[in-house]
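Scope of the values below: all heavy atoms of this structure, side chains included, with no hydrogens, waters or symmetry mates. Heads up: numbering here begins at 1 and tracks the sequence.
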Amino acid sequence: MVAFSHTDTGTAESEWAASGVAALPELPLDPSELAATAFVVLAAHPDDESLGAGGFLAKLHTAGAAVQFLLCTAGEASHPDSQTTTPEQLAAVRLTEFDTGVSGLAPSATWRFLELPDGQLAAHTEVIAKAVREAVASFGHAAENVVLVAPYRADGHTDHDVLGTVAAEVATKDGHGLLEYPIWYWLWSGPDDATWESWVRVPLNNHEQQAKANAMSAHASQTQPLSSKPGDETLLSDGFLEHFKRPWETFAWHPSKAGSNSAADAERIFDEVHAKEDDPWSYTTSWYERRKRALTLAALPEESYESGLEIGCSIGTLSEELAKRCGQFLAVDASSAALAQATERLSQFPSAEARHLTMPGEWPEGTFDLVVLSETGYYLSPDELTELLAHIEASTRPGGTLLLCHWRHPIAGWELDAEAVHAMARKQPGWSTHGLYQEKDFMLEVLLAPGRTG
């Protein structure tokens, strides 16, 4: 755990502003997805939720999401040397401040006070975990899609770290999403620490920024001195509070990993989907899909390839364009229903073929200088993706291209998401990244095998 004091000057907000944190990718949840999700918001002390996630909570209220707060302590130990206010008196003040703050952020939310001692959450982890699970269960049917919002588990404050760790353990074991909000991290850490580079950003509109500002002002016992006497000084300095006046908030985002589906499940599921509709994802009619397809093709570093492989071709809309740029081309998919359309689209290319293969267990012979894995990686388990990447590494010619493109929103019922797929692909086989493009809805990445010339 890092050592710091709230009196430290710390890293100035101007340094963070120049770091690139404002350009982090957005949390890939739109208002309709927020509305369909239930949120359990955990705070170690009154004001944590307002500082770290106040604007997001206002956004949740506007979206109509179900929200419950769990407040662990009353923060009664914030002024241990006060000559005017006892811990019991301060607890009463801070609970009133908490109620005022969260009522302004999310008026329809409910909250529960766990009455745990400030600074001693490490001794009460089982109580906290039980309370979280009870809060989740109270959502009823909505409990199938829950996100926990908790302090960053390496925030540096003992109570924050304990609460964040408990939340992470419950989220992992029970299959919930997790949003971790940093607070003291912005003080003791700095832009040179690369941890924040994997986080996401939630932009705040004017209403959400004002709601957050109002909530922060409600915690006067922390933002103003209790009195003019020694021991009653302001706890949160103006410099520290600057970190929480940004027009966005930052979270470490961990989507739900509840799914246990595998490649074999994907074959059955997608056969059922394609049996109902010819184009279930609107590949041929959606501007989003057509634009993404154009960006995918433009990202390829070579104009033409000798031999291309597309893994998970679906109905063949991208396959048709890839075949034009490959001397030999193979498109594979686990869904026989989808392949019927892919076969028809590729029939105009004598050197192109669509084949039914369930990967990674089935793998074609030959080698390729282009492999495309688009909207497919997260339908595999981690072990299956590891095996698939091993096949790709063994079958890709020196200097060959691996292109990945994946939807960045949560994929219900599956273990992986876009970020996890791309992270695994970078690590294994460890090829260099030629280009990376990402926006709120999808990410597109090109990796090059060693041996490329020119």
Side-chain angles (χ1 to χ4, degrees), residues 1-24 43-56 73 75-85 90 93-94 97-98 101 118-119 121 150-164 180-202 204 209 212-252:
M1 182 180 295
V2 296
F4 70 93
S5 167
H6 71 275
T7 60
D8 293 345
T9 301
T11 303
E13 176 57 19
S14 58
E15 293 184 52
W16 283 112
S19 70
V21 67
L24 286 172
H45 319 96
D47 78 2
D48 290 345
E49 74 301 321
S50 298
L51 291 166
F56 180 62
T73 82
E76 68 276 7
S78 68
H79 290 75
D81 299 322
S82 175
Q83 302 175 29
T84 65
T85 309
L90 186 56
V93 168
R94 297 201 67 184
E97 292 174 343
F98 178 81
D118 189 2
L121 292 189
Y152 174 45
R153 74 188 89 167
D155 199 42
H157 185 295
T158 179
D159 280 350
H160 293 194
D161 295 358
V162 168
L163 186 55
E180 299 180 67
Y181 56 86
I183 295 179
W184 291 108
Y185 174 87
W186 304 118
L187 176 82
W188 59 260
S189 186
D192 290 343
D193 176 35
T195 303
W196 63 268
E197 295 178 8
S198 64
W199 295 350
V200 297
R201 179 175 52 90
V202 175
L204 306 179
Q209 291 180 63
K212 177 173 183 172
N214 293 342
M216 289 168 58
S217 296
H219 296 281
S221 68
Q222 308 301 294
T223 60
Q224 300 175 24
L226 295 180
S227 79
S228 60
K229 294 186 177 182
D232 282 355
E233 295 84 2
T234 300
L235 185 72
L236 305 179
S237 69
D238 290 341
F240 177 67
L241 292 174
E242 284 296 318
H243 300 311
F244 307 98
K245 296 179 181 179
R246 303 165 178 170
W248 75 87
E249 289 173 336
T250 313
F251 298 88

Peer 1: So do Leu241 and Met216 actually touch side chain to side chain, heavy atoms under 4.5 Å?
Peer 2: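 Yes, at least one pair of side-chain atoms sits under 4.5 Å.
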
Peer 1: Please find the pair of heavy atoms, one from Ala44 and one from Leu163, that lie closest to each other, and give the distance.
Peer 2: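 Result for this residue pair: N-CD2, 3.4 Å.
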
Peer 1: Might you point out which heavy atoms bring Gly164 and Ala150 nearest each other, and give the distance in Å?
Peer 2: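 The pair with the smallest heavy-atom distance is CA-CB, 4.5 Å.
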
Peer 1: Between the side chains of Ser198 and Trp196, is a donor N or O closer than 3.5 angstrom to an acceptor N or O?
Peer 2: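 Ser198 vs Trp196: no donor-acceptor pair found between side chains.
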
Peer 1: Where is the tightest heavy-atom contact between Ser5 and Leu187, given as atom of each residue plus distance?
Peer 2: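 So the two residues come closest at O-CD2, 3.6 Å.
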
Peer 1: Are His79 and Leu226 side-chain neighbours, meaning at least one heavy-atom pair lies under 4.5 Å?
Peer 2: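 Sidechains of Leu226 and His79: in contact.
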
Peer 1: Any donor and acceptor pair, going by atom type alone, linking the side chain of Thr234 with main-chain N or O of Leu236 inside 3.5 Å?
Peer 2: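 A pair under 3.5 Å: no.
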
Peer 1: Any sub-3.5 Å donor-acceptor pair from Ser19's side-chain atoms to Pro191's backbone N or O?
Peer 2: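 Pair absent, no side-chain N/O of Ser19 close to backbone of Pro191.
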
Peer 1: If you define the side chain from C-beta out and look only at heavy atoms, does anything of Asp118 sit under 4.5 Å from Asp159?
Peer 2: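 Side chain of Asp118 against side chain of Asp159, heavy atoms only: contact under 4.5 Å found.
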
Peer 1: Any donor-acceptor pair under 3.5 Å linking the side chain of Lys212 with the backbone of Lys245?
Peer 2: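 Not at all, since once roles are kept as given, no pair shorter than 3.5 Å links the two residues.
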
Peer 1: Can you list everything that forms a side-chain contact (heavy atoms from CB on, under 4.5 Å) with Ser237? Sequence neighbours excluded, please.
Peer 2: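 Only Phe240 meet the side-chain contact (heavy atoms from CB on, under 4.5 Å) criterion with Ser237.
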
Peer 1: Just by modelled atom types, is the Thr250 backbone N or O under 3.5 Å from a matching donor or acceptor in the Arg201 side chain?
Peer 2: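 No, the answer is negative, given that no donor and acceptor are paired below the 3.5 Å cut-off.
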
Peer 1: If you compare all heavy atoms of Trp16 against all heavy atoms of Val21, which two are closest, and at what distance to 0.1 Å?
Peer 2: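 Nearest pair, atom of Trp16 first, then Val21: O-CG1, 3.3 Å.
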
Peer 1: Does the Glu97 side chain pair with the main chain of Ala220, one donor and one acceptor, at a distance under 3.5 Å?
Peer 2: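 Such a contact is found between Glu97 side chain and Ala220 backbone.
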
Peer 1: Is a side-chain donor or acceptor of Asp232 paired with a backbone partner of Pro225 at a separation under 3.5 angstrom?
Peer 2: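 Side chain of Asp232 to backbone of Pro225: no pair is present.
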
Peer 1: Without swapping roles, check the side chain of Asp155 against the backbone of Pro182 for a donor-acceptor pair under 3.5 Å.
Peer 2: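 No, because the side chain of Asp155 does not come within donor-acceptor range (under 3.5 Å) of the backbone of Pro182.
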
Peer 1: Are the side chains of Ser78 and His6 in contact, using a 4.5 Å heavy-atom criterion?
Peer 2: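 His6 does not reach Ser78 side chain to side chain.
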
Peer 1: Please check this pair: side chain of Asp161 against backbone of Gly156, looking for a donor-acceptor N/O pair closer than 3.5 Å.
Peer 2: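 Yes.
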
Peer 1: First locate atom CG of Asp47, then atom CD1 of Ile183, and finally report the distance between them rounded to the nearest 0.5 Å.
Peer 2: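 Result: 6.5 Å between the selected atoms.
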
Peer 1: Roughly how far, to the nearest 0.5 Å, is the OG atom of Ser217 from the CD atom of Gln224?
Peer 2: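 That separation rounds to 8.0 Å.
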
Peer 1: Could you please spell out the steps behind the side-chain hydrogen bond (donor to acceptor under 3.5 Å, both in side chains) verdict for Asp48 and Tyr181?
Peer 2: CA-CA 9 Å; Asp48 290 345; Tyr181 56 86; 5.0 Å; no

Peer 1: Going by the angle between their ring planes, with limits at 30° and 60°, are His45 and His157 parallel, tilted or perpendicular?
Peer 2: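 Rings of His45 and His157: perpendicular, over 60°.
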
Peer 1: Are side-chain heavy atoms of Asp193 and Tyr185 found at a separation under 4.5 Å?
Peer 2: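 A side-chain contact under 4.5 Å exists here.
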
Peer 1: Show your reasoning for whether salt bridge (charged side-chain N to carboxylate O under 4.0 Å, His left out) applies to Arg153 and Glu180.
Peer 2: CA-CA 7 Å; Arg153 74 188 89 167; Glu180 299 180 67; 2.8 Å; yes

Peer 1: Do the side chain of Glu249 and the main chain of Gly55 share a donor and acceptor less than 3.5 angstrom apart?
Peer 2: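 Yes.
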
Peer 1: Answer yes if the ring centres of Trp199 and Tyr152 are under 6.0 angstrom apart, and no otherwise.
Peer 2: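 Between Tyr152 and Trp199, which both carry aromatic rings, the centre distance is below 6.0 Å.
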
Peer 1: Heavy atoms only: give me the nearest Ser221-Leu90 pair and the separation to one decimal.
Peer 2: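 Nearest heavy atoms, Ser221 then Leu90: CB-CD1, 4.2 Å.
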
Peer 1: Using side-chain contact (heavy atoms from CB on, under 4.5 Å) as the criterion, list what pairs up with Ala12, not counting sequence neighbours.
Peer 2: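 Ala12: side-chain contact (heavy atoms from CB on, under 4.5 Å) contacts with Ser14, Glu15.
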
Peer 1: Kindly give the heavy-atom pair with the smallest separation between His243 and Trp186, and that separation in Å.
Peer 2: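 Scanning both residues, the minimum pair turns out to be NE2-O, 3.5 Å.
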
Peer 1: How far apart are the C-alpha atoms of His219 and Leu51, what are their side-chain angles, what is the distance that settles it, and do they pass the side chain to side chain contact (heavy atoms under 4.5 Å, CB included) test?
Peer 2: CA-CA 10 Å; His219 296 281; Leu51 291 166; over 6 Å; no

